[in-house]
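Below is one structure, written out as structure tokens, with a few remarks after it.
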Amino acid sequence: MFGLTACLIAFGGCDTPQKAIQAVQNAPKMLSEKEQKIEALLSKMTLDEKCGQLNFVVGPILTGPTLQNPPTSADLEGQIRAGQITGIFNTNGAKNIRHLQEVAVKSSRLGIPLLIGADIIHGYKTITPIPLGESASWDLAAIEKSAAVAAAECAATGINLTFAPMVDISRDARWGRVAEGAGEDPYLGSLIAAARVRGFQGKNLAAANTIATCIKHFAAYGAPEAGREYNTVDMSERRLRETYLPPYRAAVEAGAATFMSSFNELDGTPATANEFLLDKILRKEWGFKGLVMSDWASIEEMIGHGSVANRNEAGAAALKAGVDMDMMSYIYLKELPKMVAAGQIDLKFVDQAVRRTLALKYDLGLFTNPYQYGDEATEASVILSKENRATALDIAKKSIVLLQNPNNVLPLKKDTKTIGLIGALGEDKVEHNGTWSFFGEAKDVVSVAEGIREKVGKSTKILTSRGADLYNMDKSGFAEAVKVAEQSDVVVMAVGEAAVMSGEAASRSDIRLPAAQEDLIRAVMAVGKPVVVLTFHGRPLELSFLENQPASVLACWSLGTETGHAIADVVFGDYNPSGHLPMSFPRKVGQVPIYYSYKNTGRFYKGNYSEAPSERVYQSKYRDVKNTPLFPFGYGLSYTTFTYSDVKLDQSEMTNNQSITASITLTNTGKMDGEEVVQMYLKDDVGSVTRPVRELKGFQKVMLKAGESREITFKITASDLAFYRKDMSWGSEAGQFKVFIGGNSETMNHKKQ
Ligand code: NOJ
């Protein structure tokens, strides 16, 4: 017998202090109200109902391989009534979800409310920039706010769990899912992971406007061989721990409610049955107490990996490793009961998974009020509200990165006589919501054309031409585009990838602008008018053809609902661009994976490429392209200019318990107020194992008025110098370090210590 009563009886029987102490020590652990609820429910559940609580199924929007017999809504309701479903994902609508909850609460035997999940990766109806774009803002408060808006809209429609944030570090732009994460760096990635968790979950998961997060994809999914989606991952434990794991851990520390195991294998074992990842690291080392779910059919797919022979083995391996919930394999529902009955798997594993599931439902407040998520009146007032759109606009502006502005063509004048808007994404509304935005509607998007029209004066003429498509090499629209350019004072080109070209299952082996768009830009540039190129994409693109060209370029990702307003604010200088790249842009796809924190080799090329290729033999480099990226991590220009003073240190040596303050004076030397992302990198010159050429250890986003100077300081402690040493212990080593402070990862502004 569990529960409070049993405890009280134990106290009641004691008549001397010693006996009382003894009784307390011997008494069953006092159960919290939550535990009592869970144990009470568990004790009433049949084995089939328990397995039903572990079965998470898709609703109307399929986000995985098409099912042979997709369940109809009538089937789903039947399954809810029969206690065969713990929750439904990728459905929406307050009325619909209220109905589903009512079926669960009123018509299933135990009345357990449903989890309602969804892939809310960057907004529900108010679509904010793709996460890689938001990460370019380096603005943690804005990122948190954006997630909070998404949570409030979800909660209003009835969704109580998002499959986000995706925190996979990714350094290979071929992989389409780079769009969903925070880019290449574990330090920045960790801070963003925590900010997103705080945004979605708020301070109280049970509140009616916050929802649970699901940290994905655990683990190392962002490093598939050859950038090919779902492919094998193999890496050293050192690299795993140092580079790939920190953001997941930061999410645990921020209180993330759930995790999702990834599709990939790691070191020969699929992540979905990987005890090293799920048990040793996640549960034991990090103390994660929440629920772990599989990815879409990733339990069954272990048969394909060749690590198990059949569904029974797959189910047993996943459950024992710590995957509590089965998304879309139907193995826990269908096979586990038989296996438990046959003694092939211990019931304690099932019970443990059910406890975690019920705990999540409890924490969401579902047992107190199953209908608190999904309210038609709130849905009508919250979704796409003025405030939400304002938040989306704010983060959209902050996500845009000025890559080059050679002739200071930007910002444009609002009274420009004739502006030519050329490209497939100028008047488009469908593509700008980007990947993973299936609830977002094109009608709510402000197009680039609309944004520009609203911004300019009445006398400005805007000529438009599509010029080229996103999918084919048809150049028949070039002539019209060239004519528009000829008639214009300045040309704005809106080009890029279609939304489906990044995200899940969207790896590309060629990461240039798709179809005939490069040629279109060349043809328009040849006209000789000032050109501004707006590139929209879910990944770093190969933009080498624009290097040294007289075109201004803004990297715009997929900006979502407020696209046109954000673009117009930046293009016409009402907002001075402040974004900095969260991922290196390669010169050539052949350079990937490319990232700023690489290791030196014994023969790393240190020249400036001025010699003939034959003079640079036997060095670590390419014959046909520089080693460096076209635009490095941390890079981004502004309409103003910033200068950095030399780095100063308050002392040149420290021991383990001390700190050093590093500082620079930043000056806005231009004519406009503007923001700079001041970045601090450390380099450990010599280690017991080799160390990266530098690592980001701090940054501050600073607003300075034109002409203003400010001292910016960073405190460096021993933990900033720590790494996995030769023996895999975590700590720092005595030695000499360099401190770099500058505006991108290639800054040479450093102080040697
Ligand atoms: C598979 C994806 O990998 C995952 O990120 C997503 O949450 C699920 N499908 C559900 O749509």
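All ligand and atom numbering here is 1-based and tracks the order in the structure.
- Distances between N or O atoms of E180 and those of ligand 1 include no value under 3.5 Å.
- Look at M260 and you'll find a heavy atom under 4.0 Å from some atom of ligand 1.
- Interface atoms of ligand 1 facing N90, defined by a heavy-atom separation under 4.0 Å, are 11 (O).
- Between the side chains of E153 and N388, at least one donor N or O lies within less than 3.5 Å of an accepting N or O.
- Between the side chains of E184 and S584, at least one donor N or O lies within less than 3.5 Å of an accepting N or O.
- Protein heavy atom in closest approach to atom 10 (C) of ligand 1: D119 OD2, 3.3 Å.
- Remark: ligand 1 atoms within the under-4.0 Å shell around heavy atoms of E504 are 1 (C), 2 (C), 3 (O), 9 (N).
- For ligand 1, the atoms sitting less than 4.0 Å from at least one non-hydrogen atom of K216 are 4 (C), 5 (O), 6 (C), 7 (O), numbered in the order shown with element in parentheses.
- Between the side chain of S262 and the backbone N or O of F218 there is at least one donor-acceptor pair closer than 3.5 Å.
- At a 3.5 angstrom cut-off on N or O pairs, W436 does not count as close to ligand 1.
- Looking at D295 against ligand 1, only its side chain comes within 4.0 Å, counting heavy atoms.
- Between E275 and K320 no salt bridge is recorded (no basic side-chain N to carboxylate O distance below 4.0 Å).
- None of H122, E180, E504 except one satisfies the side chain to side chain donor-acceptor pair (under 3.5 Å) rule with W436; the exception is E180.
- Shown here are the ring-ring contact (aromatic ring centres under 6.0 Å, His included) partners of Y230, two or more places apart in sequence or in another chain: F263.
- Contact annotation for M293 and ligand 1: no heavy atom of the residue comes within less than 4.0 Å of the ligand.
- The side-chain contact (heavy atoms from CB on, under 4.5 Å) test with P113 singles out one residue from F367, Y373, Y371, and that residue is F367.
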